[in-house]
Number of protein chains: 4
Amino acid sequence: MSERLSEVSDSGMTERAIRTQGDILEVATAEFAANGYAGARVDEIAARTRTTKRMIYYYFGSKEGLYLAVLERVYAQIRRVERGIHIDEMSPDEALRTLAEATYDHHTTHEEFIQLVSIENIHRAEHLRQSQTILRENVTAITLLEQVIERGVREGIFRDDVDALDVHMVISAYACFHVANRHTFAAIFDRDMLDPALQESHRRLIGDMIVATMTDRRSAGGER
Amino acid sequence: MSERLSEVSDSGMTERAIRTQGDILEVATAEFAANGYAGARVDEIAARTRTTKRMIYYYFGSKEGLYLAVLERVYAQIRRVERGIHIDEMSPDEALRTLAEATYDHHTTHEEFIQLVSIENIHRAEHLRQSQTILRENVTAITLLEQVIERGVREGIFRDDVDALDVHMVISAYACFHVANRHTFAAIFDRDMLDPALQESHRRLIGDMIVATMTDRRSAGGER
Amino acid sequence: MSERLSEVSDSGMTERAIRTQGDILEVATAEFAANGYAGARVDEIAARTRTTKRMIYYYFGSKEGLYLAVLERVYAQIRRVERGIHIDEMSPDEALRTLAEATYDHHTTHEEFIQLVSIENIHRAEHLRQSQTILRENVTAITLLEQVIERGVREGIFRDDVDALDVHMVISAYACFHVANRHTFAAIFDRDMLDPALQESHRRLIGDMIVATMTDRRSAGGER
Amino acid sequence: MSERLSEVSDSGMTERAIRTQGDILEVATAEFAANGYAGARVDEIAARTRTTKRMIYYYFGSKEGLYLAVLERVYAQIRRVERGIHIDEMSPDEALRTLAEATYDHHTTHEEFIQLVSIENIHRAEHLRQSQTILRENVTAITLLEQVIERGVREGIFRDDVDALDVHMVISAYACFHVANRHTFAAIFDRDMLDPALQESHRRLIGDMIVATMTDRRSAGGER
DNA sequence: CATGAATGAGGGTTCATTCAT
DNA sequence: GATGAATGAACCCTCATTCAT
């Protein structure tokens with residue numbers, strides 16, 4: 001199952017098979033994201049596809065197998081974005097801001113990814129844990145951050161008691177929240193966090209926060 | 001439906017009826033939080049209760065009615081926490097840190113609440129929107145924040161381009177993420193964000209961040 | 001599951017429930033006997049019942065559960081027959097003949113039982129082994145035989161190198177075969193072993209065989 | 001369909017085609033014997049074969065066609081055994097014992113044959129009846145028995161009210177039972193009828209029985 | 001208030017079989 | 001001859017919900 005997506009580029013499959021699978025995956029991604037794992041209907045997915053329900057089982061074995069493939073697909077996508085970021089010639093704080101904004105941009109434009117992550121968490125990540133591919137490839141997400149922070153600390157402009165994983169968490173939390181909690185937030189406060197009018201300032205805010213925090217004199221070191 | 005909980009304190013119900021309802025709600029909260037709306041089973045809830053499935057329908061009308069009552073219950077709980085916070089004699093930055101930590105404390109100790117919020121978002125808050133009680137009472141959550149920020153801005157120590165809702169969002173995002181994305185984060189990075197060993201530093205970090213951001217000279221207004 | 005049938009006489013069930021279950025069991029017995037475990041259709045069983053398919057799952061949990069209940073039912077029936085046999089005042093050979101004929105009579109008039117046993121054997125008795133009730137109660141089937149044979153050996157009229165289980169096997173084999181292999185035998189040799197015209201002589205033959213064998217001078221002990 | 005196997009020896013087929021068919025038949029025999037007709041899976045058979053599912057349909061037309069071919073194969077095998085028995089110079093009782101033991105030997109060493117016969121009986125021999133080959137060739141199974149019994153009766157040492165088909169039935173019943181009911185018998189009485197330690201005495205027992213019965217003075221003729 | 005019995009609609013899954021290449 | 005892709009019918013099972021007592 002974990003290998004399916006990579007096989008797509010192999011020649012073990014016909015053009016048509018690739019298209020069919022891709023078609024199913026696209027529809028399934030939307031359905032699972034919109035209704036949760038239990039709420040999604042295999043029948044409904046099949047109905048929105050060029051093919052039949054039977055093909056879903058032919059290619060993915062089960063509802064869970066399909067869900068897993070969907071998960072791998074969206075995680076593969078975010079990896080591609082991460083690989084496209086280049087921060088070699090920036091100052092540490094510039095780099096930090098760039099990384100923060102890249103995450104913000106990805107998450108706010110990939111609602112389905114965030115929804116699937118939420119769903120996965122409701123299920124205690126039990127499906128995610130089955131995918132060695134995802135686990136293996138996605139740890140590297142913080143490699144860039146580690147390098148930047150190390151440089152900032154070495155140059156004496158970053159506090160040294162906040163590690164890369166903490167920073168990643170803060171950035172992810174901020175970006176995720178925009179999408180994941182969009183609806184309850186809007187219902188209660190009547191503000192759509194993804195309103196284009198807010199985008200620029202929100203995009204800047206996460207950069208501000210992370211840079212202000214890492215370069216803050218009072219917080220860093222001292223009495224702690 | 002939305003009025004049911006308030007009836008509890010009325011005298012239209014026997015002691016026993018109140019206990020039965022409370023019992024059902026407690027079990028239902030756990031079940032919905034653990035499995036999502038579609039994933040939760042009415043049978044399972046009934047089985048874990050002292051009463052029978054028939055009682056669930058007697059008191060709550062339907063699965064959706066029960067879910068709504070559960071939502072109202074957990075939202076009522078967070079309101080009680082908010083009402084208990086007193087920041088009148090603190091400096092704006094102290095107050096900000098206090099509010100941030102209170103949110104952090106609540107969310108990290110009420111996993112079920114966060115899970116239910118996640119679930120509600122997957123369903124585009126369509127249930128939440130049905131409860132006037134929740135909507136009416138929970139907007140007030142930012143009243144305190146508004147006062148603090150206004151004071152800080154007036155005193156010239158806070159930037160003025162970040163409003164109370166933004167600050168609330170940032171704090172909520174941080175606190176939510178710890179619980180909501182706990183499992184995927186742990187699966188990929190092998191770090192449990194709720195690990196007691198991390199609690200102190202994580203608790204401080206959100207205060208640091210919000211204070212550093214609001215008091216940062218470079219970020220506020222000016223050149224941008 | 002194993003306790004179901006005995007519960008029937010308890011008061012934990014309404015009259016109606018007992019009837020419903022009995023109805024289902026009767027139809028299911030016929031269906032499984034006629035089509036095998038895999039070949040039987042739950043839909044078909046439900047259709048031939050006063051109730052619906054849902055009730056089958058309500059009472060028996062699964063196709064397998066139903067099959068198991070069917071198995072217990074037919075095995076309970078044969079136990080009742082066995083308990084009704086009285087041979088206390090017969091001579092050993094008379095008793096032997098009586099027991100043989102009782103088995104012959106039961107098997108040839110309970111086609112479904114034999115078919116279910118055949119089916120069970122195709123599945124390596126994996127269901128039977130799950131029923132402690134059947135296993136526990138049906139070993140006693142040879143108690144009578146043991147007593148009779150012991151008496152015959154003691155009186156010196158039976159050979160002593162054939163034990164009760166062997167005799168049981170011989171009798172069962174003969175009686176089973178009439179029903180279990182009825183169709184292939186008829187197809188090839190054009191003789192219906194259950195033809196009423198043959199019944200008398202076939203009934204006597206198994207008695208003849210078992211008595212002749214046990215009392216045969218040449219076979220017993222001696223030169224072997 | 002019924003003619004397929006005979007084609008094998010014709011030259012209308014390549015070496016390879018013959019091997020492929022044999023391969024399929026062997027696997028199919030095991031699958032049908034182990035799971036029954038409905039329980040056997042064409043996919044599974046194909047998977048255990050060197051060839052693909054398509055080939056099964058190419059050679060055998062359908063699941064039923066394959067099953068029929070399997071049936072013909074195992075019945076052809078037992079015919080070969082029968083043809084190998086020579087009893088011309090034996091006394092009637094010796095010959096009888098020899099035939100009984102031959103059947104016992106064949107059945108206890110051809111579990112799949114017995115299982116397939118059981119399965120066929122569950123389906124009321126409806127497949128068997130389609131194969132003229134099997135029906136035509138297997139009636140001859142009792143020719144030898146007929147001759148022996150006739151001789152015994154003529155010589156006055158055999159009773160004359162038990163015909164060859166009855167004897168065949170008794171012998172078959174005994175031998176079949178060892179294999180066909182092996183599992184339920186073992187489950188209930190904890191004795192494996194095919195235990196090598198029992199083989200010798202069980203092998204002798206059927207001979208004893210049939211000879212004792214046919215030569216028994218009391219049973220034959222007389223008062224009946 | 002409370003309980004076991006009952007239900008209809010639909011959900012996931014599987015099977016034998018066929019098509020296109 | 002051989003292969004992967006595709007299919008429709010049906011199969012087992014489950015769920016929220018209601019009824020009778």
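Because only heavy atoms are used, hydrogens play no part in the values below, and waters and symmetry mates are left out as well, while side chains stay in. By convention in this document, chain letters (A, B, ...) are assigned in the order of the sequence lines, proteins followed by strands, and residues within each chain are numbered from 1.
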Closest to side chain of C:T52, choosing from E:dG8, F:dG1, F:dT17: E:dG8

Closest to the A:T20 side chain, choosing from E:dA16, F:dA6, E:dG4: F:dA6

Interatomic distance where CG belongs to D:L66 and P belongs to E:dT17 [whole Å]: 10 Å

Donor-acceptor contact below 3.5 Å, side chain B:R124 vs main chain A:A34: yes

Bracket string, DNA chain F, 5' to 3' - pairs by Watson-Crick or G-U geometry under 3.5 Å, | interstrand: .||||||||||||||||||||

Close side-chain approach of B:I119 and B:H123, heavy atoms under 4.5 Å: yes

Sugar-phosphate only, base, or nothing, as touched by C:A46 at under 4.0 Å among non-hydrogen atoms: nothing

Residue D:Y58, side-chain heavy atoms: nucleotide from E:dA6, E:dA16, F:dG1 that is nearest: F:dG1

Beyond-backbone contact of A:Y57 with A:V42, side-chain heavy atoms, under 4.5 angstrom: yes

Spacing of A:R16 atom CZ relative to E:dT21 atom P, expressed in whole Å: 9 Å

Nearest listed nucleotide, side chain of A:Y57, among E:dT17, E:dG12, E:dT3: E:dG12

Distance in angstrom units between B:D23 CG and E:dC1 C1', rounded: 15 Å

Sugar-phosphate only, base, or nothing, as touched by D:A38 at under 4.0 Å among non-hydrogen atoms: nothing

B:M55 vs D:K63, nearer the 5' end of DNA chain E by closest nucleotide: B:M55

Value in whole Å for how far the C1' atom of E:dA2 lies from CD1 of B:I24: 12 Å

Crowding at CD, C:E26 (>12 non-hydrogen neighbours, <6.0 Å): no

Closest-nucleotide 5' rank along DNA chain E - winner of C:T51 and A:K53: C:T51

Nearest-angstrom distance from the residue atom CZ of D:R50 to P of F:dA2: 11 Å

Minimum side-chain heavy-atom gap C:N35-C:R41 below 4.5 Å: no

From D:L71, D:L116, D:V117, residue fulfilling side-chain contact (heavy atoms from CB on, under 4.5 Å) relative to C:T184: D:V117

Nucleotide E:dA16, atom C1' - distance to OH of D:Y67 in whole Å: 17 Å

A:R41 side-chain N/O to E:dG11 phosphate OP1/OP2 under 4.0 Å: yes

Parallel, tilted or perpendicular: rings of B:Y37 and B:H127 (30°, 60°): tilted

